[in-house]
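Reviewing the structure listed below.
Atoms within each ligand, like the ligands themselves, are counted from 1 in listed order. Everything numeric here is computed off the predicted structure, so don't read it as measured data. Position 1 is the first residue of the sequence; numbering continues from there.
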Amino acid sequence: MKTLAKAKAEPGIWMVDAPKPQVGPNDVLIKITKTAICGTDMHIYKWDDWAQKTIPVPMAVGHEYVGVVAEVGSEVRGLKIGQRVSGEGHLVCGHCRNCRAGRRHLCRNTVGVGVNRTGAFAEYLSIPAENAFPIPDDIPDEIAAIFDPFGNATHTALSFEMVGEDVLITGAGPIGIMAVAICRHVGARHIVITDVNEYRLGLAKKMGATRAVNVSKENIKDVMKELKMNEGFDVGLEMSGVPQAFRSMLEVMNHGGKIAMLGIPPSEAAIDWNQVIFKGLIIKGIYGREMYETWYKMVAMIQSGLDLTPIITHQFPVDEFQQGFETMASGNSGKVVLSWT
Ligand code: NAD
Ligand code: ZN
């Protein structure tokens, strides 16, 4: 079968031929319809330090997908051949304390599809059946294909009370932009998002941001004055992974403010801890999606009118994958979706 793989330990990605995966008794085989390119895939494509340390070569990559169940293992219940599914990319152990308590997003033994084991950029993917998530008929394939990053945005944005709150989102990558739409959908008041990329800020504005702020030209404090925000932000969503963005967020949070941190900084980063202590801030780290509450919330938000279509800016047939990766690398895109059928 066709597979987009990290075939060599050097920058790039290659279309190769690989055997169809085995299906164990508790697995499902998914025939992939559409996949989306994640920031993580770009790290693997560029072959940076993190990728060199983490990714086994050769391996099929990718973890954002939608497909159709093609085969079910002998022990699998509740899934049928022909059913449309997306999937949770974190495989958890099932036997650690958090797994046994139903807090599977906190499993200490998580394995990542397309990161630690073979991925979804292929004609077929075999995963544990519990990781497959059925997609209702009224949700289109390209939206289902981005449920993984939409889930990151959802898990982060719904971590704290949002109704009537003033929210600062740092980083208008695809996840930050989806977070704007979620905050708007669930009833935040002012949603201010920052970035240094005009294309992405434009997209964030289109998806409901009160103000999209280019921090290389404008100061967040001036924007707060303009919005008559006298006190500070109630909720902060850090979605850039840039230490300076987090530092500036700390400065403009109100006392008692709450911050959810999704962005992954490249290394250790110093902050002014006095901002945290004297303001009584609460900071929560976010990893992945809650299994499977986040998935149900995503479906419910789409079905109650949340529109993510503007975030999908490019779609290519999979044979034009090179153009897909280059589009992502340019920074002038939202989500890039590749079609396998
Ligand atoms: P992305 O890299 O596309 O987006 C980050 C954005 O931050 C970019 O648009 C960039 O221009 C912007 N940025 C750069 N400097 C900035 C500054 N000074 N202020 C504000 N913004 C600035 O990433 P993404 O795919 O949208 O993901 C967002 C973050 O979440 C990344 O750091 C990613 O690694 C991380 N992530 C974490 C998890 C998790 O489970 N914790 C999962 C997925 C992604
Ligand atoms: Zn576990």
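Closest to atom 4 (O) of ligand 1 among all protein heavy atoms lies Gly173 CA, 3.3 Å. The protein heavy atom nearest to atom 40 (O) of ligand 1 is Gly288 N, 2.8 Å. Ser240 CB, 3.5 Å is the protein heavy atom nearest to atom 7 (O) of ligand 1.
The heavy atom nearest to atom 17 (C) of ligand 1, out of those in Pro174, Gly89, Ala245, is found in Ala245. Residue nearest to atom 43 (C) of ligand 1, selected from Asn152, Asp148, Thr170, Ile37: Asn152 (by heavy-atom distance). Of the candidates Asp41, Ile193, Leu262, Leu262 brings a heavy atom nearest to atom 39 (C) of ligand 1. Nearest-heavy-atom check against atom 44 (C) of ligand 1 across Ile220, Asp195, Val213, Ile175 picks out Ile175. One option in Arg200, Met239, Arg247 has a heavy atom closer to atom 29 (C) of ligand 1 than any other, and that option is Met239.
Ring geometry for His314 versus Phe316: interplanar angle under 30°, hence parallel rather than tilted (30 to 60°).
The Zn ion (ligand 2) is the vertex of the angle joining SG of Cys93 and SG of Cys99, which measures 120° to the nearest 10°.
Between Val215 and ligand 1, no pair of N/O atoms sits closer than 3.5 Å. Taking only nitrogen or oxygen atoms, main chain and side chain alike, Ile286 reaches within less than 3.5 Å of ligand 1. Taking any N or O of Ile264, backbone or side chain, at least one lies under 3.5 Å from an N or O belonging to ligand 1.
Under 4.0 Å from ligand 1, not a single heavy atom of Thr40 appears. Of all the heavy atoms of Val242, the ones lying under 4.0 Å from any atom of ligand 1 belong exclusively to the side chain.
Applying the side-chain hydrogen bond (donor to acceptor under 3.5 Å, both in side chains) rule to Lys46 yields no partners; only residues at least two apart in sequence or on another chain are considered.
For atom 2 (O) of ligand 1, the protein comes within 4.0 Å by no heavy atom at all. There is a protein heavy atom less than 4.0 angstrom from atom 19 (N) of ligand 1.
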Which pairs of donor and acceptor atoms, one on a side chain in residues 58-73, lie under 3.5 Å apart (sequence neighbours left out)?
unit_1: Glu64; atom_1: OE1; unit_2: Lys335; atom_2: NZ; d: 2.9
unit_1: Glu64; atom_1: OE2; unit_2: Lys335; atom_2: NZ; d: 3.4

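No close placement of the Phe278 and His255 rings is indicated, their centers lying 6.0 Å or farther apart.
A salt bridge links Lys221 to Glu251: at least one charged side-chain nitrogen sits closer than 4.0 Å to a carboxylate oxygen. A salt bridge does not link Arg247 to Glu238: none of the charged nitrogens lies less than 4.0 Å from a carboxylate oxygen. A salt bridge links Arg189 with Asp166: the closest approach of a Lys/Arg side-chain nitrogen to an acidic carboxylate oxygen falls below 4.0 angstrom.
The neighbour count for Arg100 CZ, taken as heavy atoms of other residues, nucleotides or ligands under 6.0 Å away, does not exceed 12.
For the Zn ion (ligand 2), the N/O/S atoms of His95 include none lying under 2.8 Å.
When each atom of ligand 1 is checked for a heavy atom of Thr194 under 4.0 Å away, the hits are 20 (C), 21 (N). Remark: ligand 1 atoms within the under-4.0 Å shell around heavy atoms of Gly263 are 29 (C), 30 (O), 32 (O), 35 (C).
Looking at every heavy atom in both residues, Trp47 comes nearest to Val57 through CH2-CG2, 3.6 Å. When all heavy atoms of Thr35 and Ala120 are compared, the closest pair comes out as CG2-O, 3.6 Å.
Counting only N and O atoms by type, the side chains of Ser333 and Arg200 include no donor and acceptor under 3.5 Å apart.
Side-chain atoms of Arg84 come within 3.5 Å of backbone N or O of Pro136 as a donor-acceptor pair.
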